[in-house]
Amino acid sequence: MKPLLDVLVILDALEKEGSFAAASAKLYKTPSALSYTVHKLESDLNIQLLDRSGHRATFTRTGQMLLEKGREVLHSVRELEKQAIKLNEGWENQLTIGVDDTFPFSLLLPLIDTFYQQHNVTRLKFINGVLSGSWEALIQGRADVIVGALHDPPSLSGFGFARIGSLDQVFAVAAHHPLALVAEPLPRREIKRHRAIVVGEARPGCSRSQLLLEDQEVIAVFDFKAKLDLLIGGLGCGYLPRYLAQPFLNSGALVEKQVVAHISSEPVWIGWNEQTAGLASGWWCTEILANSAIAGVYKPVSGRESGVS
């Protein structure tokens, strides 16, 4: 295989440079050494790659095919070499990032672009997390890094975490929903009379932001986009991240209502598996925590709260 790879490199240089002399200068070998390598492969395989009958050698049909196909092989080999070097340096072959459904995924697009421009050896995979399910994905090994996780991190060794900030939550209903006209702050007994829209598994007390009460009628949906659609349609009430609700509050499609004993914001975290973390994991954690667009969505973290564990 190695003689074939050597010939592919020579053919590539010969076609680009135009002559054995120029190709030899590029490859730091003598013209006779290049000619011998090509001729030996021709003899071994009983094929003709170059027509040497004229003043300058030209490619035969076989040689042209080997050149074109060979460039694909050379590209793959060079990429494989880069990947081997990167992996040896500590870059992961694949990084799975769990993104909580409350997190605006569009803010990751510039980071994805930058990452692939700089470190395309690591293949990225993104999975969806919903509320407490984000921590579960990390603990169960389904994600290497999680972004936008709500609630406090689990008290387990082997996992690192840092506060991104705090996510503002608003209790919202459609302008034509009965709760829109009820005096504030809304008491829990009044909210209980109306259908709640929740994301994920509907369990009373499962989240401070859900305010799901015992015996309350519930529609459970798979993501916040579906929840938003149902709230705008007047089919229930519930909490939304402020950044998601704000355009519809501004337009009047939704109405924000104050609630008795309402906790207006929740801590938001980034977490990672310290036992499997490599350079790609570190890159993503650093870039997310330093990203101004992401910081603009969340309330800033004070110095006491921003420590990494």
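All values derive from a computational prediction rather than experimental measurement.
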Joint hydrophobic cluster, F103 plus I112, side-chain heavy atoms closer than 4.5 Å:
yes

Hey, is the main chain of S32 close enough, under 3.5 Å, to the side chain of S35 for a donor-acceptor pair?
no

When rounded to the nearest 0.5 angstrom, what distance separates OG1 in T114 from CH2 in W283?
5.5 Å

Without swapping roles, check the side chain of T60 against the backbone of L49 for a donor-acceptor pair under 3.5 Å.
yes

Where the side chain of E42 meets the backbone of L50, is there a donor-acceptor pair that is under 3.5 Å apart?
yes

Minimal heavy-atom distance between G271 and W135, with the atoms involved, is CA-CZ3, 4.3 Å

Give a yes or no on whether F105 and L228 share a hydrophobic cluster (residues Ile, Leu, Val, Met, Phe, Trp, Tyr; joining criterion: side-chain heavy atoms under 4.5 Å apart).
yes

Just say parallel, tilted or perpendicular for the rings of W284 and F115, cut-offs at 30° and 60°.
tilted

Just so I know, are the side chains of I294 and V147 near enough to count as touching, which here means a heavy-atom distance under 4.5 Å?
no

Flag the pair C237 / R195 as yes when at least one side-chain heavy-atom distance between them is below 4.5 Å, and no otherwise.
no

Just by distance, do the side chain of T286 and the backbone of G282 share a donor-acceptor pair under 3.5 Å?
yes

To the closest 0.5 Å, what do you measure between OH (Y243) and CG (L167)?
7.0 Å

Is the backbone N or O of I191 less than 3.5 Å from a side-chain atom of Q216, with the two atoms forming a donor-acceptor pair by type?
yes

For A33, is there any backbone N or O sitting under 3.5 Å from a side-chain donor or acceptor partner on T37?
yes

Is the shortest heavy-atom distance from the side chain of D223 to the side chain of N128 under 4.5 Å?
no

CD1 (I146) and CG (L138) are apart, to the nearest 0.5 Å, by 4.5 Å

What closest approach, in Å, do F161 and W269 show between heavy atoms, and which atom pair accounts for it?
CD1-CZ3, 3.6 Å

Using a 4.5 Å cut-off on heavy atoms from C-beta on, say whether the side chain of F159 contacts that of P153.
no

For A280, does its backbone N or O pair with a side-chain atom of E92 as donor and acceptor, under 3.5 Å?
yes

Looking only at heavy atoms, which two atoms of K257 and L179 are closest? And how far apart?
CE-O, 3.1 Å

Are side-chain heavy atoms of L108 and I288 found at a separation under 4.5 Å?
yes

Correct closest heavy-atom pair for L231 and G236 would be CD2-O, 3.3 Å

Heavy-atom closest contact (A137 atom, I127 atom, distance):
CB-CD1, 4.3 Å

Verify, without hydrogens or angle tests, whether N273 (side chain) and D144 (backbone) share a donor-acceptor contact under 3.5 angstrom.
no

With side chain to side chain contact (heavy atoms under 4.5 Å, CB included) as the criterion, how do V259 and Y239 come out once you've worked through the C-alpha distance, each side chain's angles and the decisive distance to 0.1 Å?
CA-CA 11 Å; V259 176; Y239 281 90; 3.8 Å; yes

Can you tell me if NE2 on H194 sees more than 12 non-hydrogen neighbours from other groups inside 6.0 Å?
yes

Report the C-alpha separation of T96 and R142 in whole Å, then their side-chain angles, then the decisive distance to 0.1 Å, and conclude whether the side chain to side chain contact (heavy atoms under 4.5 Å, CB included) test is met.
CA-CA 7 Å; T96 302; R142 291 183 286 110; over 6 Å; no

Counting only heavy atoms from other residues, nucleotides and ligands, does the tally under 6.0 Å from NZ of K26 exceed 12?
yes

Single-linkage hydrophobic cluster L109~F126, side-chain heavy atoms < 4.5 angstrom
yes

Assess whether side chain to side chain contact (heavy atoms under 4.5 Å, CB included) is satisfied between E17 and E15, documenting all intermediate values.
CA-CA 6 Å; E17 303 302 321; E15 194 274 338; over 6 Å; no

Does Y116 use its side chain to pair, donor to acceptor, with the backbone of L124 at less than 3.5 Å?
yes

Start with the C-alpha gap between Q48 and T62, add the side-chain angles, then the distance that decides, and say whether side chain to side chain contact (heavy atoms under 4.5 Å, CB included) holds.
CA-CA 7 Å; Q48 183 178 5; T62 303; over 6 Å; no

Shortest non-hydrogen contact from L14 to F59?
CD2-CZ, 4.4 Å

Atom CZ of R163 and atom CD1 of I270: how far apart are they, to the nearest 0.5 Å?
13.5 Å

Can you confirm whether L289 sits close enough to I164 that some side-chain heavy atom of one is under 4.5 Å from a side-chain heavy atom of the other?
yes

Judged by atom type as modelled, is there a donor-acceptor pair below 3.5 Å linking the side chain of S24 to the main-chain atoms of A21?
yes

Is Y36 linked to L66 within one hydrophobic cluster, defined over Ile, Leu, Val, Met, Phe, Trp and Tyr using a side-chain heavy-atom separation of less than 4.5 Å?
no

Identify whether L45 and M65 are in the same connected component of the hydrophobic contact network (ILVMFWY, side-chain heavy atoms under 4.5 Å).
no

Just how far is it from atom CG of D6 to atom CG of L11, taken to the nearest 0.5 Å?
11.0 Å

Here the gap from I10 atom CD1 to K29 atom NZ, rounded to the nearest 0.5 Å, amounts to 6.0 Å

Just by distance, with hydrogens left out, do N291 and E287 show a side-chain donor and acceptor under 3.5 Å apart?
no

In terms of side-chain heavy atoms, does S134 have a donor or acceptor partner in D100 at a distance below 3.5 Å?
yes

